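Have a look at the structure below before the remarks.
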Amino acid sequence: MIESIALILASTMRLATPLAFAAAGEYIAERAGMINISIEAMMLGGAFSAVWGATLTGSPVLGLVFGMLAGLLIGFIHANFSHRLTVNTYVVGLTLNLLVLGLTSFLLDVMDLSQAQVSKFAIPILSDLPLVGDALFNQRWPAYLLWILIPGIWYAMYRTRWGLNMRAIGENPSAVDATGIDVLKRQRFALLIVGVLSGLGGAYLSVGEVGLFNQNMTAARGYVVIAAVIFGGWSLKGTMIGCLVFGAADAMRLALPALGVTLNAQLLIASPYILAILAMVLFAKSNRAPGSYGRPFVRGVV
Amino acid sequence: MQTQHAEAPSGRTAPAVELRGLTKRYGSIVACDDVHLTVPQGEIHGLLGQNGAGKSTLVKMLLGLVSRDAGQILLGGRSVEIPDPLAAAELGIGMVHQHFSLVNELTVWENVTLGEPGRPDPARTKALVRSIGERYGLTVDPDVRVEELSTGERQRVEIIKCLRRDPNLLILDEPTSVLTLAESRELFSVLRRVVQDEGRTVILISHKLDEILDATDHVTIMRSGRVVAQRATCDTDERELAREMVGRELSKWVAASALGDLDRLVDPSHSTDAAMLDRTESIDEDRFPVRLRITDAYLSEEGRPQLQGLSLELRAGEITGLAGIEGNGQRALGDVLSSLIPLDSGTVEVDGVALPTGRPGVMHRAGIGVIPEDRHQSGCVLDMSVAENLVMSTVNSVATRGMVSRSRIRANAERLIEQFEISTPSPDTPMRQLSGGNQQKVVLARELSLDPKILVAAYPTRGLDVGAIEYMTQQLHAAANRGIAVLLISTELEEILTLSHHIAVIHRGAIVGRMRRVDVDAERLGMMMGGQAA
């Protein structure tokens, strides 16, 4: 019994890690008032580019860098289309999602991609702890970056002027504009951060956990990340808990049949997404969203 | 212009602000016309005027939000250029905004430090908030989120935000419009301290006579973009202020009447229309039955009271003008009569039948036609054709079993275009391509084609030229003559005086006075609109 629980926990952590990288970025964007739906494209593009980069250079670590750059590029395209060309941000996001899905599927067919995977690193002693040791302290090494990244983002959002401005922009961009801060520039910057972190999340999925790239590998995990931020009530802690919950749902999908529990297979596969939809329906209204959530900012007199 | 009272301090030092011949035009409209204004150092200077008198434009030029067309700004005797708000702040001009520019989710200290350079320093900012609070009696907890504060406390935060930059000149734009009486008194005692103890200068923009009289040292009155009077507050009284603020000019209306036969409307004493004289002088209960009756209407939006016990009757065949300063509940009343929002309490009756409020289409079906405040936003669909816009609220009349008939839409449009003299290339022309006057004619035609019992016209001539104004005026009169009860909502007194048989004054969401057109005297009306019992 203990063994199966440890197994499910380890599986949860593995599946939650890519979500957590992307969600850390999405959290910043949502606090700055944006719902960045092109996050799916960023993750998928990151996953593909990581394997492609690893094939080119022979190094899975450089693959991760490729993944982050791919996410950055998608963020840059999104920011410029929605701000400079003033195309509706959701139209841009949906278009990018479809474009990247098609492009990666096509490139997967015509390119010869090799397998590549970053190494595991077990922290001595701690990884031998019962129950949680394997889950927390025996992971692919990039997963440990989260231990620095998440406190770092919290500090940036709550202790620096940059974070204060970001939070204020999400609440009342006109007031921030009136104090002489360039709102759109900061929102574009937030999109670049989501790009890098979601690219890293996607890359972790491919060259981290799986070691290769499949067609539509992220399978709507980008939307699950958006659900995690909503589930978490737009707090960083809640967002991470959301990632764990969705990771756990994914882990159960894999673990339950192995444990001999028989459930409708389709239902099992759908369960994380059903949970995500439930979370959005239940929490989107009851939690307090940023004041200017999802509304494009247009300059004007207050 | 200045009295000895003002010369005493200005003899020592140059005036804090001196404006010379400031002019600002928006297209053909002159918002500020050769404004000369001198505010000595260390006094509270009132700027009084109705909506659109040019007060806000004047202040925007001082803050660098609007560039001037002509004239000079002198601060402390030096001529200055103010290209943007940042430059204004550096010159020591601080503004407390009418609509709060605070971020609700953030704490007080975070709001105070927002927009400053460098790393935020919570301890220092909190200490600053406390020390400013103690100095001026503006106590507020720096750790509380702004959304948890009352409107009075929010205003304190706004003032702290402004004072912490140590401005020499403080500008307050309608600061008491959201405050209770006690909160207003507190605000004025703070301003008094700022002026007396520290020699700063305050410009207080207001249209409330009592607070101008209570709080200021001097007052400048503006009307139609011009300075019409300057007084030492101690030498004037509310009657004089009211008279100067409202004035007697019927500029635009006189211009409109030059095109046609509006003279008799502008001045009913010259009227040869016996029926109209009759109507303005007596209420004949039988001939003019009550069509619409609103009783004790209360409504708040987002915690702010909009209507507070408003009661109003409209009689068939009469135009009732709703006079008042903008933001006293006119918009809420219009929205209720368009079925857009429900009342918190109170009733709306049409011909004695009570109607449920806030249910889509109910008011409309009961026979209330509305010409909305903003014709682009809620009056018409700009990208649809004239013909489609004309059937928008009567679409059932041109449809059979859910299918609309294009030929009937077209026939209806051709009939209305001819009847209402709408100038359009064709019924299929998009609304966007019509002039403002013709767009308004489309809205009017659509509402009148329903044969309403009651017509609510909110700012029906806003932004129109004189020809279109005359047309609208005649149409509203014709509607009243056909027995429709007309409610005219406007902040332009000239418009109301020109059109109405009766005038009701709205203030803070309630009707504070009624009078017949023939009994109107500008002084009394101005006082009621300014919230003075009269």
Side-chain angles (χ1 to χ4, degrees), chain A residues 27-34 88 152 154-187 190 229-230 232-236 238-239 286-295 297-302, chain B residues 26 31 56-57 59-61 63-66 83-90 93-126 142-143 145-148 154 157-158 161-162 164-165 171 173-174 302:
Chain A
Y27 162 77
I28 297 174
E30 298 220 354
R31 286 307 294 257
M34 296 175 290
N88 182 307
W154 181 86
Y155 186 85
M157 287 304 274
Y158 283 93
R159 287 292 179 269
T160 68
R161 180 160 300 282
W162 179 84
L164 176 63
N165 290 338
M166 283 293 182
R167 286 183 289 133
I169 285 168
E171 293 296 331
N172 187 349
S174 304
V176 179
D177 188 39
T179 64
I181 294 165
D182 189 336
V183 170
L184 290 178
K185 193 171 150 192
R186 272 151 214 272
Q187 289 193 328
V229 179
I230 295 171
W234 291 275
S235 78
L236 189 55
T239 298
S286 60
N287 284 332
R288 196 195 168 287
S292 173
Y293 187 54
R295 258 177 262 157
F297 172 66
V298 183
R299 289 200 73 180
V301 183
V302 184
Chain B
Y26 294 104
S56 297
T57 307
V59 165
K60 279 182 187 159
M61 285 191 271
L63 285 170
L65 289 167
V66 163
D84 55 57
L86 230 57
E90 274 163 27
I93 301 175
M95 170 87 181
V96 176
H97 289 271
Q98 177 179 12
H99 303 290
F100 298 123
S101 61
L102 300 176
V103 181
N104 286 339
E105 166 77 4
L106 301 184
T107 63
V108 169
W109 75 264
E110 284 175 325
N111 266 290
V112 169
T113 190
L114 193 69
E116 287 171 3
R119 205 164 158 259
D121 187 340
R124 211 174 58 85
T125 314
K126 285 179 203 174
D143 284 312
R145 281 191 196 181
V146 167
E147 64 188 347
E148 290 162 34
R154 284 178 203 201
V157 180
E158 284 276 356
K161 229 179 122 172
C162 184
R164 72 141 345 299
R165 294 186 191 187
I171 303 171
D173 187 6
E174 309 279 0
E302 287 166 15

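For the numbers below, each heavy atom of this structure counts, side chains included, while hydrogens, waters and symmetry mates do not. Chain letters run A, B, ... following the sequence lines, proteins first, then strands; residues in each count from 1. Only a predicted model underlies this, so the values are computations on that prediction, with no experimental measurement involved.
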Can you check whether B/T113's main-chain N or O pairs, donor with acceptor, with A/R161's side chain at less than 3.5 Å?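 Answer holds: yes.
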Got a donor-acceptor contact below 3.5 angstrom from the A/N172 side chain to the B/L102 backbone?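 Yes, A/N172 side chain to B/L102 backbone: donor-acceptor pair under 3.5 Å.
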Which atom of A/A168 lies closest to which atom of B/L114, heavy atoms considered: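 Reported closest heavy-atom pair: CB-CD1, 3.8 Å.
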Hey, what do you get for CD (B/E147) to CD (A/E171), rounding to the nearest 0.5 Å?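 Answer for the CD-CD pair, B/E147 versus A/E171, is 7.5 Å.
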Please list, chain by chain and in numerical order, all residues satisfying salt bridge (charged side-chain N to carboxylate O under 4.0 Å, His left out) with B/R124, sequence neighbours excluded.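 Listed in chain order: B/D121.
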Set of residues satisfying ring-ring contact (aromatic ring centres under 6.0 Å, His included) with respect to A/Y158, sequence neighbours excluded: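 For A/Y158, the residues satisfying ring-ring contact (aromatic ring centres under 6.0 Å, His included) (neighbours in sequence not counted) are A/W154.
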